[in-house]
Amino acid sequence: MRIEDMITTGTLRSYGDQSPVKKMLHAPTMKLYVVKEEPLHNKEIRKNLKDWISFWQNKFANSNLHVQVYATFWNTPEGYVSIVMEYMNGGSLQNLLESMGFLPERSIKQLVPPILQGLQKIHQQGAQCHGALGPSQILFLRDGTVKLGQGLQYRVQVQGNQLFNSYILGKPKDVQSLYDPTILETPSLWSKASSEKVHFPAQEDFILERANDIWKLGWLVLNCAIGTLEFHPKAQQIYEGSRIIIEEIAKYTDHLKDTCCLLHSESKVISLVEQNQKIVSEPTKITILELLPSDKFSPEFIQFLCSTLKIDPRQRQYTEQLLQHPWLVSGRDPKGPNVQLKELLNISNAWNAFLPEEFQGQGAQKLERLCDALYLVLQNSERPTVNKMQLQENSPIIKELSYDMGLNAKAVSDRIMSIFQSLI
């Protein structure tokens, strides 16, 4: 695979680190990929990214739980690494939440097992963790398949924390999402987090970063259930308390003794933050638990959230235990609407629609630009490996391109077929 054989067909929205993400067509094979351009700010970040990408390719090749990485092009463009990845045509959980607001329990129950299984595979590989588990890192195929993204922003942050955070915080906020949990990875909302390392007493087989993966899973599931916390009267304190639990829990083990989880000890977390920052405020009139009514969410679901959002990281269950949690294995019907995850994806993305003929002008221009680029690239590339069947109107690639352009699949098929025939 050569980067010169790739044609940009669109730009995907980027979350968190805001690195450019392009949807690109590999002209010789007519296959779609995603190419993410990750900035290389220094040698440490370059090494960290290289190690993580190599680990991902070696351990998760052909995995049905992890987004595939096919190739990397270093210093292309200058100062970046271009990572060629699997194109997930169902979008991300971030897209779905921003479209739907929140998800019913039944859909969340379909979503969680593959995420846990993907995390389990990572945790089984030595002292590894995902680190950046959030809605933008949960990706879908249209058939409802769920896969984990690489979480590259965590790899950048680990070795270049100060530079990474200044890069994030210096960017325009209009691309941020209320569902994006990167706020938990940035400095304190009131004061910069101390860089002092505090030893955390733990059992021999305990790895704090893995426990933090479980916390982030719980946070993700909570967001799926109730939507963003921005409307909560104590949202800022909850965010800051979550940051403390993720980054500085070792300093506050005495303050948070005899606590349970974010749901059942919410008031203690808020109190800790307000005491630290000398904030005086009224008691909250609503709690997170009150946002999870019993007619919409089962007791087992609440117990699952409690298991993942334990204040003391040593009390959070491992992936193996969570996969056997009664909420996932009991066979009881979830509360709330009977809606499947695949149905929500179809509603969210309206896959099968194309524009009326009078509104197809811009799509037609886009098709012509694509065909011009195909002709130029194919003249100077390896021999195409596609056959006529792959260019028929009912083929996946033609359907995908027709959806993107809002054009009839037959019109797209005929035009692209003419380009290949002209080169024979």
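This structure is a prediction, so every number in the text was calculated from the model and none was measured. When a residue number appears, it is its place in the shown sequence, counting from 1.
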Taking the side chain as every heavy atom from C-beta outward, state whether [X] and [Y] have any atom pair closer than 4.5 Å.
| X | Y | result |
| --- | --- | --- |
| Ile138 | Leu148 | yes |
| Glu320 | His123 | no |
| Leu133 | Asn212 | no |
| Met30 | Leu374 | yes |
| Leu220 | Leu93 | yes |
| Cys129 | Ile207 | no |
| Val339 | Arg106 | no |
| Leu309 | Trp215 | yes |

Residue pair Gln94 / Ser136: nearest heavy atoms and the distance that separates them: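 It is OE1-N, 3.1 Å.
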query: Considering all heavy atoms of both residues, which atom of Met6 and which atom of Val84 are nearest to each other, and what is their separation?
result: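 Shortest heavy-atom separation between Met6 and Val84 comes out as CE-CG1, 4.3 Å.
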statement: Hits for ring pair (Phe, Tyr, Trp, His ring centres under 6.0 Å) against Phe140, two or more places apart or cross-chain, chain-then-number order -> none
For the atom pair [atom1] ([X]) and [atom2] ([Y]), what is the distance rounded to the nearest 0.5 Å?
| X | Y | atom1 | atom2 | answer |
| --- | --- | --- | --- | --- |
| Met24 | Leu32 | CE | CG | 10.5 Å |
| Asn338 | Glu343 | CG | CD | 7.5 Å |
| Ile416 | Ile398 | CD1 | CD1 | 4.0 Å |
| Asn380 | Tyr375 | CG | OH | 10.5 Å |

Do the side chain of [X] and the main chain of [Y] share a donor and acceptor less than 3.5 angstrom apart?
| X | Y | answer |
| --- | --- | --- |
| Gln68 | Ser63 | yes |
| Ser54 | Asp51 | no |
| Thr308 | Leu305 | yes |

task: Would you sort out whether Asp213 and Ile122 count as a side-chain contact (heavy atoms from CB on, under 4.5 Å), showing the intermediate values?
output: CA-CA 11 Å; Asp213 271 350; Ile122 294 173; 5.5 Å; no
message: Taking the basic N atoms (NZ, or NE/NH1/NH2) and the acidic carboxylate oxygens, is any pair closer than 4.0 Å for Glu240 and Arg243?
response: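 Yes.
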- prompt: Can you say whether the rings of Trp327 and Phe304 are parallel (under 30°), tilted (30 to 60°) or perpendicular (over 60°)?
  reply: tilted
task: Report the relative orientation of the aromatic rings in Phe297 and Phe301; use parallel for angles under 30°, tilted for 30 to 60°, perpendicular for over 60°.
output: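 Rings of Phe297 and Phe301: parallel, as their planes differ by under 30°.
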field: Ring centres under 6.0 angstrom apart (Phe60, Phe55)
entry: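 For Phe60 and Phe55, the ring centres are under 6.0 Å apart.
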Is it the case that over 12 heavy atoms from other parts of the model lie below 6.0 angstrom from the [atom1] atom of [X]?
| X | atom1 | answer |
| --- | --- | --- |
| Lys23 | NZ | yes |
| Asp295 | CG | yes |
| Lys335 | NZ | yes |
| Arg2 | CZ | yes |
| Lys366 | NZ | yes |

- prompt: Stepwise, does the side-chain contact (heavy atoms from CB on, under 4.5 Å) test hold for Lys121 with Gln117?
  reply: CA-CA 6 Å; Lys121 294 289 186 183; Gln117 291 163 6; 5.8 Å; no
query: Just checking, is any N or O donor in the side chain of Ser298 or Glu105 under 3.5 Å from an acceptor N or O on the other one?
result: yes
message: Under the criterion side-chain contact (heavy atoms from CB on, under 4.5 Å), I'd like the reasoning laid out for Ile83 against Leu152: C-alpha separation, chi angles, the key distance, then a yes or no.
response: CA-CA 11 Å; Ile83 307 164; Leu152 293 173; 3.4 Å; yes
message: Before you tell me yes or no, could you show the steps for Val273 and Gln236 under side-chain contact (heavy atoms from CB on, under 4.5 Å), namely the whole-Å CA-CA distance, both residues' side-chain angles and the distance that decides it to 0.1 Å?
response: CA-CA 10 Å; Val273 173; Gln236 296 296 306; over 6 Å; no
- request: Can you sort out the partners of Leu289 under side-chain contact (heavy atoms from CB on, under 4.5 Å), two or more places apart, ordered by chain and number?
  value: Leu263, His264, Thr287, Ile302
query: For Lys147, which of Glu86, Gln137, His66 qualifies under side-chain hydrogen bond (donor to acceptor under 3.5 Å, both in side chains)?
result: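 The option that passes is Glu86.
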